[in-house]
Amino acid sequence: MREKYGELTVVKQSKIAKDSYKLVLKGSTVKHMSQPGQFLHVRVDQSEDLLLRRPISIADVDLERNEVTMIYRAGGAGTKRLSSQPTGNQLSVLGPLGKGFPLEQAMSGETALLIGGGIGVPPLYYLAKQLVEKGVHVTAVLGFASKDDVFYAEEFSQLGDVYVTTVDGSYGIHGFVTNAIDEKKLTGDVLYSCGPTPMLKVLTERYRDQRAFISLEERMGCGIGACFACVCHVENGAEHEYRKICTDGPVFPVGEVVL
Amino acid sequence: MREKYGELTVVKQSKIAKDSYKLVLKGSTVKHMSQPGQFLHVRVDQSEDLLLRRPISIADVDLERNEVTMIYRAGGAGTKRLSSQPTGNQLSVLGPLGKGFPLEQAMSGETALLIGGGIGVPPLYYLAKQLVEKGVHVTAVLGFASKDDVFYAEEFSQLGDVYVTTVDGSYGIHGFVTNAIDEKKLTGDVLYSCGPTPMLKVLTERYRDQRAFISLEERMGCGIGACFACVCHVENGAEHEYRKICTDGPVFPVGEVVL
Amino acid sequence: MERLHVELPGLTMKNPIMPASGCFGFGGEYQAFYDLAELGAVAIKATTPEPRFGNPTPRVAETKAGMLNAIGLQNPGLAGVIAKELPRFDRIDVPILANIAGSTMDDYIKVADQLSKQRNVSALELNISCPNVKEGGIAFGTIPETAAQLTKEVKAVSSVPVYVKLSPNVADIVTMAQAVEAAGADGLSMINTLLGMRIDTKTRQPILSNQYGGLSGPAIKPVALRMIHQVSQQVDIPIIGMGGIQTAEDVIEFLLAGASCVAVGTANFVDPYTCPTIIADLPSWLDDMEVDSISELIGGSWKACKTHSLSR
Amino acid sequence: MERLHVELPGLTMKNPIMPASGCFGFGGEYQAFYDLAELGAVAIKATTPEPRFGNPTPRVAETKAGMLNAIGLQNPGLAGVIAKELPRFDRIDVPILANIAGSTMDDYIKVADQLSKQRNVSALELNISCPNVKEGGIAFGTIPETAAQLTKEVKAVSSVPVYVKLSPNVADIVTMAQAVEAAGADGLSMINTLLGMRIDTKTRQPILSNQYGGLSGPAIKPVALRMIHQVSQQVDIPIIGMGGIQTAEDVIEFLLAGASCVAVGTANFVDPYTCPTIIADLPSWLDDMEVDSISELIGGSWKACKTHSLSR
Ligand SMILES: Cc1cc2nc3c(=O)[nH]c(=O)nc-3n(C[C@H](O)[C@H](O)[C@H](O)COP(=O)(O)OP(=O)(O)OC[C@H]3O[C@@H](n4cnc5c(N)ncnc54)[C@H](O)[C@@H]3O)c2cc1C
Ligand SMILES: Cc1cc2nc3c(=O)[nH]c(=O)nc-3n(C[C@H](O)[C@H](O)[C@H](O)COP(=O)(O)OP(=O)(O)OC[C@H]3O[C@@H](n4cnc5c(N)ncnc54)[C@H](O)[C@@H]3O)c2cc1C
Ligand SMILES: Cc1cc2nc3c(=O)[nH]c(=O)nc-3n(C[C@H](O)[C@H](O)[C@H](O)COP(=O)(O)O)c2cc1C
Ligand SMILES: Cc1cc2nc3c(=O)[nH]c(=O)nc-3n(C[C@H](O)[C@H](O)[C@H](O)COP(=O)(O)O)c2cc1C
Ligand code: FES
Ligand code: FES
């Protein structure tokens, strides 16, 4: 299965918002990255002081050029180091991993509501592109902390309607993504979302019995299901029942697992 | 004393023999690097997996351009990583450290015999340049394992007589530096040497009561005299008497310390 | 590849490399990356009598050249392992070292008894780092008498050889090793993780929800080597060495220290191909070291000394 | 800079940062880099009754994110320290923590008695990791009774407060800490190094001529934090925390774990300016964490919990 493991070459790295970077990688394993919502497990460099890989979502793929795009926040030690990787360097990348957003849940002609919070926005972009290709209408609601954090509003607007919210009101609609949904009375036949847990909790309550899918985060070891670092409980399941976010997820139907 | 600590910029890195690299660094602390035989204590990069600095001799200095040259063998993990540092990168360098070769021991018109073994050759080059500038004649005997390991024979030949030996006879005189000395009946008023301990032991026996100076190696922690990692016993000294190679040395008069 | 062959009680290994318990699940995940028959053996995840969910997340944290884990022995329980996990190995030619755990002596006995009778299980590995609820939560692995008693009871019911996995969180590892050897252990696994913690300066709370976790990875390698070096000179049973192994050179270091084979844990997360890569790299190491077979290196750091002083 | 001020028995510190014993010589070398009066305190190298050369070289080896040392307590002896090293501090406004070592109880008593009466010595730090020759070489630091007895005897002769420096090579650090607290220790220093080794695959021999050495540096930080977190909740005396500290963030982590101030060891070798850099960085950390003074952070990882559960 070398198809899920390889060295990818940095094609381009650029800062696109406060602490947020866009990283384009090229290599032969990219051809398997066709499912939006899957993630890559990335070594930030070859040093052994930061040993663990970082899970980062696939934000976009150019299958013709064998290029994958990730968008990430340089917050901790590892992502900061990743952000200083220059063009031409090789990165060890494991993936695509996990189960992504179920595209088949949205039919041509239907509307999908995409709700992203902060660094949960990136995987929705590749999803939006594929939905549009399929003939699904896309309405995206993207929440950020403030104006400096906003990215990809322009890119999304080329695919459908976009509503940007900022917590401090410095850009777009003042408040959270739910404020935009309420204010603008946004609806959809299917909902796809990725973002901070408090946001996903609210969405779970709102869309519990509908076609709604959320992408979760957890600290990971292996990323492939072997270490049991990333489990969560199943709603109404037995005490020892679980799902692994790395392999059963990161995307789950709303209401399947305990947040 | 910030003058002994700074970030130097890689100006050039090139392979000059098997596993041997020449590294030119530029920066403001170079102006203090006027004494041949002193060393720099170098971090190979900013990662924390290889924590300790590597002691490497000053091989040459261009005071006008603020550039220092080191020549080193990429043998272990750290020096291998150092050898992949590209032009433009910054390296953390502590130094110049230690006491170098005593130039004042050679008078103008006298002859200095310089005996270098392998990776002990580099500090003798900066020494040779300064001796020649002072009007001292230089005879250099440079010993290597084989032809592929030879470096700087050409550079030394522009400063005086050079005899190269190789253990396998693939270049120059077959055998050890001592073979060359005997065969060619080489003499000098002062002897300066740097190389593997067995070589220094033989030289110590031969030149015990003469003007002879040898540069030693030891695994180091601090490089500045604080950790007591690099001590050696004093010949005929009390049981607890010692010299620190990092601050009292690395150059000692022959016979001062126990090899 | 006869040169890499090693023979330990219950474990006839093509090469001295096995994945370490808890770092390889029950094998299924890595099977998707390479053929498990390439491995010398496989140490599967700890089995307890009942299914366990384990600790709340976060369960892992990164440390410099290492990681902390507090998985909390999540596993499908004895019945689940027998029914669903072990059959996976039916058609794979590789010995299985089944790690067992529990919170009481009876837990261990029950699991040992039944697991040792499964056709796919070649040997047991007793994880004695678990807290003993009967003894007020003190780990079995820190009191020589308790560890010896546990070993004896498990040996009495086991149908296969028993390896005792020692905890490094002790003052005197040699006494511990000698106690379990005297109690009948067929071999030792060492080392398990060092107990450690990290604190998140933003939340001011421990990163792991369990507060403390086991430290593994290259950071602990020097501690593992020291303990194996001490113990291998004082016991007559073989040692499965582990703790921070990433490369073939690390493996050589462990063999020279006194291990008879090794287990690779955390490194699997860094690179899923670590084990096959090491196996592929070993022969050229043997060439460079001018030895015919891997077993000539075992204890080489102290056996050489001994021979040396004898010949003087 | 009042915000950084901390007050410990015998040590009135401008800030919570001191270099760790053995990693800063007797101060002279670093004085060439910066003014030692910038430091909160200085822990000087271990003093023994007689001058010692220490172990043969090599004495240090590198490990991943750490290093091993087996210096062997090289020092100029009690008389030498008093005559040549301590006077260096006559005109430097910084408290001195004098580390003392020996191989018998009498060694410690002799050094403690005389050193504690020197005007430059503010407190003693008892290095109990040394092997006790009378007890067959078992370290004072691994048996609570022996450590307590040593503490008591030293307290009886010392004119200044006594800190006991705990070894991490024990199964139960809390019992050890409580034993020396009960014996009168004024504070604890923790942790000393973990015992480790490296083997050179070329020579097949241990890299250190002493075979084993003390592991220090970032690799051991999680073990240090865990032990400080455990102990600080069970004793009433302050803890000088150490083990792998490199940055101001590391310092915050140690304070939150329960240390009252910290010592920086190995990091001085990586960057001689580590201590002044940390001191300069701390105020902005306090700003970010919205605390006025550093002492508000001490034990923050468990005190916060306690308050929290009380208010529920
Ligand atoms: C499936 C999945 C997809 C993700 N997609 C993205 C993305 O597209 N863009 C993006 O910016 N971030 C994404 N994240 C979050 C990202 O993994 C973390 O921000 C990142 O690992 C933090 O690493 P660091 O070096 O900044 O922090 P450090 O504090 O140095 O990390 C230390 C360790 O903790 C882990 N860790 C710390 N925070 C998190 C977190 N929030 N989630 C998971 N692990 C964490 C790290 O992976 C590492 O193992 C995703 C997480 C998951 C699980
Ligand atoms: C004063 C002095 C001057 C030196 N000048 C030169 C020079 O000009 N060119 C050159 O190639 N080499 C020189 N050396 C030797 C050089 O320091 C080592 O080859 C180098 O440190 C090895 O590092 P590594 O990463 O290759 O090996 P690793 O095995 O990764 O090193 C691990 C640790 O051991 C130390 N170490 C290993 N071998 C040696 C050694 N032979 N001497 C000292 N420390 C060692 C390293 O510094 C490091 O701390 C000098 C040594 C000293 C003491
Ligand atoms: C995530 C994780 C889970 C582990 N689970 C177990 C376990 O169930 N039983 C056990 O005996 N050891 C367990 N260990 C310890 C490893 O088997 C091994 O002893 C230790 O990690 C040291 O090796 P390493 O540094 O190569 O990882 C676990 C280690 C990790 C990292
Ligand atoms: C080279 C070296 C020498 C040391 N000497 C002593 C000593 O003499 N007395 C002592 O109590 N601790 C000694 N230590 C231990 C340190 O004081 C400290 O406890 C340990 O190194 C952990 O801190 P660090 O990781 O910041 O280095 C020494 C450590 C090193 C690296
Ligand atoms: S990260 Fe290892 S099981 Fe999910
Ligand atoms: S290297 Fe520290 S005293 Fe010489």
Side-chain angles (χ1 to χ4, degrees), chain A residues 1-7 41-55 75-79 81 92-95 97-98 197 216-234 237-249 257-259, chain C residues 19 22-35 45-46 48 50-77 80 200 202 207-209 213 216-219 221 244 246-247 265-273:
Chain A
M1 200 161 78
R2 289 272 173 193
E3 66 206 37
K4 288 217 171 170
Y5 185 66
E7 302 276 319
H41 214 27
V42 182
R43 280 204 77 184
V44 298
D45 64 12
Q46 291 302 314
S47 311
E48 286 168 27
D49 49 350
L50 304 182
L51 212 56
L52 295 179
R53 292 172 175 273
R54 268 60 178 170
T79 48
R81 212 183 268 179
S92 166
V93 174
L94 184 59
L97 300 177
T197 308
L216 306 187
E217 273 190 15
E218 188 48 82
R219 289 184 184 238
M220 293 187 174
C222 65
I224 61 167
C227 76
F228 291 82
C230 68
V231 299
C232 53
H233 284 282
V234 175
E239 192 279 330
H240 64 266
E241 236 185 297
Y242 64 88
R243 292 289 182 276
K244 289 177 193 162
I245 291 175
C246 67
T247 48
D248 299 319
V257 299
V258 180
L259 293 182
Chain C
C23 303
F24 208 70
F26 290 93
E29 292 77 17
Y30 285 92
Q31 212 171 335
F33 286 85
Y34 57 87
D35 182 0
K45 210 174 149 40
T48 56
E50 303 303 324
R52 282 174 62 109
F53 181 82
N55 293 318
T57 55
R59 293 176 171 191
V60 296
E62 192 177 55
T63 72
K64 291 285 155 66
M67 67 175 281
L68 293 168
N69 88 82
I71 305 297
L73 299 174
Q74 179 159 23
N75 78 97
D200 185 331
K202 289 205 191 71
I207 292 181
L208 298 176
S209 71
S216 63
K221 194 179 91 165
Q246 308 237 101
T247 63
T266 304
N268 292 297
F269 309 157
V270 183
D271 173 358
Y273 291 97

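Proteins get letters first, then strands, A, B, ... in listed order; numbering begins at 1 in each. What you see below is based on every heavy atom in this structure, not just the backbone, and it leaves out hydrogens, waters and symmetry mates.
- Panel note: side chain A/Arg219, backbone C/Thr57; no donor-acceptor pair is recorded below 3.5 Å.
- The part of A/Glu218 that comes within reach of chain C is its side chain, from C-beta onward, which places non-hydrogen atoms under 4.5 angstrom from that chain.
- Taking A/Arg81 as the reference, A/Asp45, A/Asp49 meet the salt bridge (Lys or Arg N to Asp or Glu O under 4.0 Å) condition, with sequence neighbours excluded.
- Neither the backbone nor the side chain of A/His41 comes within contact range of chain C; no heavy atoms are under 4.5 Å apart.
- Counting heavy atoms from C-beta outward, C/Met67 and A/Leu51 have side chains that stay 4.5 Å or more apart.
- Inter-residue side-chain proximity for A/Arg54 and C/Glu62 is flagged as met; some heavy-atom pair is nearer than 4.5 Å.
- Taking the side chain as every heavy atom from C-beta outward, A/Tyr5 and C/Asp271 approach each other to under 4.5 Å.
- You'll find the side chain of A/Ile224 reaches within 4.5 Å of the side chain of C/Tyr30, heavy atoms only.
- The residues A/Lys244 and C/Glu29 are annotated as salt-bridged, a charged nitrogen and a carboxylate oxygen being separated by less than 4.0 angstrom.
- For chain A, the nearby part of C/Thr266 is the side chain; its heavy atoms alone come within less than 4.5 Å.
- Only the side chain of A/Leu94 comes within contact range of chain C, with heavy atoms under 4.5 Å apart.
- Qualifying ring pair (Phe, Tyr, Trp, His ring centres under 6.0 Å) partners for A/His240, counting only residues two or more places apart in sequence or in other chains: none.
- Within the 4.5 Å cutoff, side-chain heavy atoms of A/Val231 are placed close to those of C/Gln74.
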